[in-house]
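In what follows, a single structure is set out as structure tokens and then discussed.
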Amino acid sequence: MRLDDILFSQGFGSRRECAGLLAARLVRVAGQIETDPSVDLTTEGLQFEVEGQAWAFQATSLVLLHKPAGYECSQKPTAWPSVMLLLPAALRRRGIQPVGRLDQDTTGLLLLTDDGKLIHRLTSPKHHVPKVYEVGCDRPVDAAQVEQMLRGVVLDDDPLPVLAEGCEVTGENSLRLTLIQGKYHQVKRMVAAVGNHCTSLHRSGFGALTLADGPASGHWRFVSDAERAALMAKAPR
Ligand code: URA
């Protein structure tokens with residue numbers, strides 16, 4: 001694909017703006033400044049730099065953000081800034097959006113993509129992609145609460161019980177909850193339904209992805225092709 005088409009496809013602005021980046025010597029390919037818009041490059045595995053920032057070509061974009069508290073996942077936030085502000089303009093221009101939402105005060109692993117089919121694939125309970133939450137509670141967690149969440153609790157908007165795929169005590173006042181669905185405020189409402197109260201919430205895992213190797217809070221990175229394939233792999237049941 002031509003380099004100017006690559007820049008355009010990756011969200012670096014209008015065709016004129018992309019041509020401007022090249023003319024201003026702000027684009028590097030394989031470490032070398034490239035100014036020729038017509039140079040033909042293989043997009044698979046392509047790494048390049050724009051204004052000193054490293055990019056990987058992605059036909060559809062998938063990024064992992066370590067969400068800090070104090071940001072809303074909504075595109076039109078009401079009380080807090082949007083998580084979109086933590087991402088570069090090129091990604092925002094591509095129209096990426098969160099894969100499910102985390103509350104303003106929830107921290108942790110948030111995926112964002114411009115691929116609608118992927119959003120459905122990763123959020124639909126049918127595809128069984130586990131999301132892991134580290135939950136702080138204001139009262140001690142006991143075996144009965146864990147048992148109840150594993151068996152299923154009824155929330156106020158649906159007569160059908162929702163159940164945790166996994167639930168383990170991680171401390172006197174904390175537990176790790178694994179969910180397959182992503183209902184509104186699901187963790188907080190499940191914890192409340194068993195008579196406790198959630199005081200902190202952090203998502204540590206999404207399918208095969210974790211935050212064990214970063215990025216740090218407030219930072220993002222691309223999801224690699226191998227990680228994307230692992231996310232799409234059928235989870236063991
Ligand atoms: N469940 C919640 O209650 N809040 C979140 O942010 C995510 C899951």
Side-chain angles (χ1 to χ4, degrees), residues 63-87 96-113 118-139 141 145-146 148-158 160-171 173-212 215-220 223 231 235:
V63 302
L64 181 163
L65 172 71
H66 186 159
K67 180 191 174 297
Y71 286 83
E72 287 185 23
C73 284
S74 164
Q75 308 265 7
K76 293 196 183 118
T78 48
W80 301 84
S82 167
V83 287
M84 295 298 170
L85 294 177
L86 297 168
L87 299 171
I96 66 170
Q97 49 180 302
V99 178
R101 289 186 178 191
L102 294 179
D103 299 334
Q104 168 278 122
D105 53 352
T106 301
T107 59
L109 201 165
L110 181 68
L111 294 176
L112 300 103
T113 183
L118 185 59
I119 293 182
H120 177 72
R121 177 76 176 64
L122 296 176
T123 53
S124 158
K126 207 173 85 194
H127 293 291
H128 213 82
V129 181
K131 289 94 187 171
V132 182
Y133 296 91
E134 312 298 331
V135 189
C137 299
D138 76 347
R139 286 187 277 281
V141 179
Q145 293 170 11
V146 170
Q148 245 183 302
M149 282 196 268
L150 288 169
R151 259 191 287 117
V153 296
V154 175
L155 304 179
D156 48 11
D157 60 349
D158 193 343
L160 286 179
V162 287
L163 41 128
E165 180 78 2
C167 183
E168 55 184 299
V169 178
T170 52
N173 285 54
S174 60
L175 52 88
R176 178 172 299 128
L177 205 57
T178 304
L179 299 182
I180 297 303
Q181 318 100 312
K183 283 172 165 281
Y184 180 67
H185 288 170
Q186 185 169 341
V187 172
K188 291 173 184 168
R189 291 196 295 154
M190 285 180 77
V191 171
V194 301
N196 211 322
H197 174 73
C198 174
T199 51
S200 66
L201 185 53
H202 175 81
R203 183 154 69 193
S204 56
F206 194 125
L209 300 178
T210 73
L211 286 171
S217 176
H219 293 260
W220 68 277
V223 173
L231 261 181

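Numbers here simply count residues along the sequence, with the first being 1. Atoms within each ligand, like the ligands themselves, are counted from 1 in listed order.
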- prompt: Hey, mind stepping through Asn196 and Asp138 against side-chain contact (heavy atoms from CB on, under 4.5 Å) and telling me if it holds?
  reply: CA-CA 7 Å; Asn196 211 322; Asp138 76 347; 3.4 Å; yes

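- Residue, atom and distance of the protein heavy atom nearest to atom 7 (C) of ligand 1 are Tyr133 CE2, 3.7 Å.
- At least one N or O atom of Val187, backbone or side chain, sits closer than 3.5 Å to an N or O atom of ligand 1.
- Those atoms of ligand 1 that come under 4.0 Å of a heavy atom in Gln186, given as number and element, are 1 (N), 2 (C), 3 (O).
- Residue Leu179 holds its CG atom at 4.5 Å from CD of Gln186, rounded to the nearest 0.5 Å.
- Counting all heavy atoms, side chain and backbone alike, Pro98 lies closest to Met84 at CD-CE, 3.5 Å.
- With respect to atom 4 (N) of ligand 1, the closest heavy atom belonging to the protein is Asp103 OD2, 2.7 Å.
- Ligand 1 has an N or O atom lying under 3.5 Å from an N or O atom of Thr106, backbone or side chain.
- Ligand 1 does not have Tyr184 within reach: every non-hydrogen atom of the residue lies 4.0 Å or more from it.
- Salt bridge Lys188/Asp105: present, at least one basic N to carboxylate O contact under 4.0 Å.
- Neither the backbone nor the side chain of Leu179 has a heavy atom within less than 4.0 Å of ligand 1.
- Considering backbone and side-chain atoms alike, His185 places an N or O below 3.5 Å from some N or O of ligand 1.
- Environment of OH in Tyr133: crowded, with over 12 heavy atoms of neighbouring residues, nucleotides or ligands closer than 6.0 Å.
- Residue-to-ligand polar distances keep Arg189 apart from ligand 1: every N/O pair is separated by 3.5 Å or more.
- Nearest approach of Asp156 to Arg189, heavy atoms of both residues: OD1-NH1, 2.7 Å.
- Counting heavy atoms from C-beta outward, Val162 and Val153 have side chains that approach closer than 4.5 Å.
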